[in-house]
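Reviewing the structure listed below.
Here the structure is a predicted model, which is why all the values come from computation and not from measurement. When a ligand or atom number is given, it counts from 1 through the structure's own listing order. Counting begins at 1 with the first residue of the sequence.
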Amino acid sequence: MVQGHVNLNTEKTEQWIQEYVDGWVEFFKKQTDTGKVADYIPKLEEADPNSLGITIIGKKGTEIRSGDVEHEFSIQSISKVLSFITACMDRGIAYVLQRVDVEPTGEAFNSIMHLEVKGHQRPFNPLVNSGAITTSSLLSGNTSDEKLEPLFQLMEKIIGRRPEIDIDVYVSERDTSMRNRAIGYYLLEEGYLESDLGVTLETYFKQCSINVTTDDLARIGLVLSNDGIHPETEEIIIPRNIVRIAKSLMLTCGMYDASGKFASYVGIPAKSGVSGGILAVVPPRVRENELPFLSGCGIGVFGPALDKQGNSVAGIKLLRHIANSWDLSLF
Ligand code: DON
């Protein structure tokens, strides 16, 4: 397969990048057959397993879109990055980290095994369900809508429109998610929750049901790549110290029990969701080369066929190929 080396001095650069990405998406689309669409949230089962799409937005304005980029899909666990950021902006980093740690679990996203077995005094990290539900309980406000308002405002600043909740996905998860309710009761008994359990779970289910596109995820990734500063308006949207922790959490915990492999083989901070989305962040490069996206980029992927860990099977392969071809790994 082509390796994607382009000469950045030619006028055709963007077109060449586009052609490479189109070829790669077409190739990895065939591998969607090796995964399975999430069915434990019934509404997610309706997604087309053979979809695959990617948006890459570079700091210098290069925008590449390929494959199924028109779909809206629920953000699911990718929202955990945004609720963590919102909670830190609202309550302060120290306050949040006293209540949720920053350690990977090596377990599935919905496991509380380590929390129980190791007698840890707080959930391991905000990107597994126990930590995310605890984080949702830390958001200010008495109702789920009040709690989520700052998260909506943050997203609006980044993606340029107010996002919407997919009510069908929300109801589907709310009415079936016995595991998250069980986690919630466990957290409540241990004294980790700062809000009413019902309001906390409603907040969590709603944040997971926010609709996004690959473009939205790429724009969020670009702001994180750019240390929290909007690339066009130069506004500081997220304080740098919060962005730094969010990115390190994505690198160490963002792909759950596949995070080590993802860090080794792809090497960039990323966060997956069970609807098939991946948010990836490519920080600016220090070494000189002739490859694209030297000044950093955000990447959004959609590929609903998942692997055993609940990550987009073809999405990971596509990201791995792109990262290797363009030497995007941090390491
Ligand atoms: O809580 C859940 O199970 C879902 N709302 C989100 C899980 C998820 O996206 C895990 N990601 N791969």
Side-chain angles (χ1 to χ4, degrees), residues 35-47 49 73-84 100 104-112 115 123-137 144 148 151 165-187 193 197 200-212 217 220 249-262 266 269-280 300-316 319:
K36 206 171 156 300
V37 167
D39 55 8
Y40 76 102
I41 301 174
K43 193 71 192 163
L44 297 185
E45 217 181 340
E46 293 172 12
F73 51 93
S74 53
I75 190 168
Q76 296 299 336
S77 282
I78 300 169
S79 69
K80 295 167 179 171
V81 176
L82 300 169
S83 60
F84 171 74
V100 189
T105 63
E107 296 296 331
F109 61 87
N110 54 7
S111 168
I112 50 167
L115 199 50
F124 274 72
N125 69 70
L127 303 188
V128 290
N129 288 16
S130 56
I133 293 169
T134 302
T135 305
S136 301
S137 87
S144 57
L148 289 176
L151 190 152
I165 288 173
D166 184 327
I167 299 294
D168 293 339
V169 171
Y170 165 65
V171 169
S172 183
E173 178 163 20
R174 185 196 65 190
D175 293 351
T176 57
S177 189
M178 300 311 144
R179 170 71 71 120
N180 281 327
R181 287 182 193 282
I183 293 173
Y185 277 111
Y186 179 78
L187 297 170
L193 299 184
L197 175 61
T200 299
L201 286 173
E202 198 175 288
T203 307
Y204 174 74
F205 296 144
K206 278 188 181 170
Q207 74 183 55
C208 288
S209 309
I210 294 172
N211 263 345
V212 287
L217 295 182
I220 296 167
L249 277 167
M250 289 168 75
L251 188 77
T252 53
C253 316
M255 307 301 277
Y256 304 112
D257 39 335
S259 297
K261 286 188 188 61
F262 194 87
V266 187
K271 180 74 207 83
S272 62
V274 277
S275 58
I278 304 177
L279 157 70
V301 173
F302 174 60
L306 308 179
D307 60 21
K308 282 200 189 87
Q309 282 85 16
N311 299 323
S312 172
V313 70
I316 287 189
L319 281 175

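The side chain of N180, and not its backbone, has at least one atom closer than 4.0 Å to an atom of ligand 1 (non-hydrogen atoms only; side chain from C-beta on). The parts of S77 lying near ligand 1 are both backbone and side chain, judged by heavy-atom distances below 4.0 Å. Contacts between E173 and ligand 1, counted as non-hydrogen atom pairs separated by less than 4.0 Å, involve the side chain only. At a 4.0 Å heavy-atom cut-off, ligand 1 does not touch F205 at all.
Annotation: C208 places no N or O atom under 3.5 Å from an N or O atom of ligand 1; distance criterion only. For a threshold of 3.5 Å applied to N or O pairs, the pair formed by K80 and ligand 1 contains no separation below that value. Note: no N/O pair closer than 3.5 Å links I41 and ligand 1 by distance alone. Distances between N or O atoms of N129 and those of ligand 1 include at least one value under 3.5 Å.
Residues C253 and F124 fail the side-chain proximity criterion, which asks for heavy atoms closer than 4.5 Å. Annotation: side chain of S74 is in contact with side chain of L44 (closest heavy-atom distance under 4.5 Å). With a 4.5 Å cut-off on side-chain heavy atoms, L217 and I278 do not count as touching.
Counting only distance, with no hydrogens or angles, the side chain of T252 and the backbone of P104 share no donor-acceptor pair below 3.5 Å. Judged purely by atom type and a 3.5 angstrom limit, R181 uses its side chain to pair as donor or acceptor with the backbone of R174.
Of all the atoms in ligand 1, the ones that sit under 4.0 Å from a non-hydrogen atom of Y40 are 2 (C), 3 (O), 4 (C), 6 (C), 7 (C). The contact set between ligand 1 and Q76, taken as ligand atoms under 4.0 Å from a residue heavy atom, comprises 4 (C), 5 (N), 6 (C), 9 (O). The distance from ligand 1 to the heavy atoms of G273 drops below 4.0 Å at these ligand atoms: 9 (O), 11 (N), 12 (N).
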Check: residues 165-172 side-chain donor-acceptor pairs under 3.5 Å, at least two apart:
from	atom 1	to	atom 2	distance (Å)
D166	OD1	D168	N	3.1
D166	OD1	V169	N	3.2
S172	OG	K43	N	3.0

Donor-acceptor pairs are to be reported for all side-chain atoms of residues 308-315 against protein atoms at under 3.5 Å, with residues two or more places apart or in another chain.
from	atom 1	to	atom 2	distance (Å)
N311	OD1	S272	OG	2.6
N311	ND2	M255	O	3.2
S312	OG	G303	O	2.7
S312	OG	G315	N	3.1

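Remark: Y40 OH is packed, more than 12 non-hydrogen atoms of other residues, nucleotides or ligands lying under 6.0 Å away.
Closest to atom 12 (N) of ligand 1 among all protein heavy atoms lies G310 O, 3.1 Å. At the top of the distance list for atom 1 (O) of ligand 1, counting protein heavy atoms only, stands Y204 OH, 2.6 Å.
Screening V81, I210, N211 for a side-chain contact (heavy atoms from CB on, under 4.5 Å) involving I75 leaves a single residue, I210.
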